[in-house]
Amino acid sequence: LGSQTVLPIYFRHL
Amino acid sequence: MLELRLVQGSLLKKVLESIKDLVNDANFDFSSSGFSLQSMDSSHVALVALLLKSEGFEHYRCDRNTSMGMNLGNMSKMLKCAGNDDIITIKGDDGSDTVTFMFESPTQDKIADFEMKLMDIDSEHLGIPEAEYHAIVKMPSAEFARICKDLASIGDTVVISVTKEGVKFSTRGDIGTANIVLRQNTTVDKPEDATVIEMNEPVSMTFALRYMNSFTKATPLSNTVTISMSPDLPVVVEYKIAEMGYVRFYLAPKMEE
């Protein structure tokens, strides 16, 4: 059913 | 010195109920313009961003920017002790390791204060850029909650597809499949009952229903919810808080193996 991605792939850490 | 008086205290209770299961603890960032919170869930798949602007408070005093680490489960326990009609005041002193919640009954005949211990939290702040989304769906929040709950009884993931025909929510599981299509519907008596689809390009993405169902705990905050999607970005599920701000949930998509 697809692999779960995580947010830090899309948004950078400040 | 920090002092925030919220006449509609139930709003803060609802905010906590909507986020406490997703995030265990978070830093509340107070400034003169309001307070905000940003925190990811422990698996870094979902993020909650809260904003409550100072204009929404009857009294708002924040002498200097300050950040307070709070355990949301403990904060929720304390706010549950406030009546739904109570006025809630949040008070803090510079350098103190506690925050005080004061609850006043509307007739002023019962006044309670609860002091909660603060905690040091290493927060990971993510920079969330403004984005142009391929599709933005605005729909009744109760309808969205119903759809997520219904689909979760069939499958674990939802495919949300937006085309000019409408928005389709699909799932599949061991017992079968389900598809729910909502068409744009603006001919309703009340604007909050409308389903409005703004689409620049068709988009179809897959998400874990467990998180979507967690987000719908914010349903009591707003009659409508906005779902913004682009193929290369986390979905944004936003509940606006009238006159005050918003609770936004960001959820990373599932990708084809």
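Values in this document were obtained by computation on a predicted structure and should not be read as measured data. Convention: sequence-line order gives letters A, B, ...; per-chain numbering from 1.
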*asked:* Applying side-chain hydrogen bond (donor to acceptor under 3.5 Å, both in side chains) to B:Asn179 and B:Ser170, what does each step give before you reach the verdict?
replied: CA-CA 4 Å; B:Asn179 294 290; B:Ser170 309; 2.7 Å; yes

*Quick one: of B:Glu124, B:Met40, B:His44, who has the most non-hydrogen atom pairs under 4.5 Å with chain A?*
B:His44

_I need the residue from B:Gly127, B:Gly155, B:Ala208 with the largest number of non-hydrogen atom pairs under 4.5 Å to chain A._
B:Gly127

*Listed by residue number, which members of residues 229-239 of chain B have a heavy atom under 4.5 Å from any heavy atom of chain A?*
B:Asp232, B:Leu233, B:Pro234

*Less than 6.0 Å separating the ring centroids of B:Phe249 and B:Tyr211?*
no

*Where do B:Leu126 and A:Leu7 land on the side chain to side chain contact (heavy atoms under 4.5 Å, CB included) test, with the steps shown first?*
CA-CA 9 Å; B:Leu126 295 181; A:Leu7 291 168; 4.0 Å; yes

side-chain contact (heavy atoms from CB on, under 4.5 Å) against [X], all qualifying residues, sequence neighbours excluded:
X	value
B:Asp29	B:Asn27, B:Ser36, B:Ser67, B:His125
B:Asp21	B:Lys217
B:Asp97	none

_Salt-bridge present (B:Arg64, B:Asp94; N to O < 4.0 Å)_ = yes

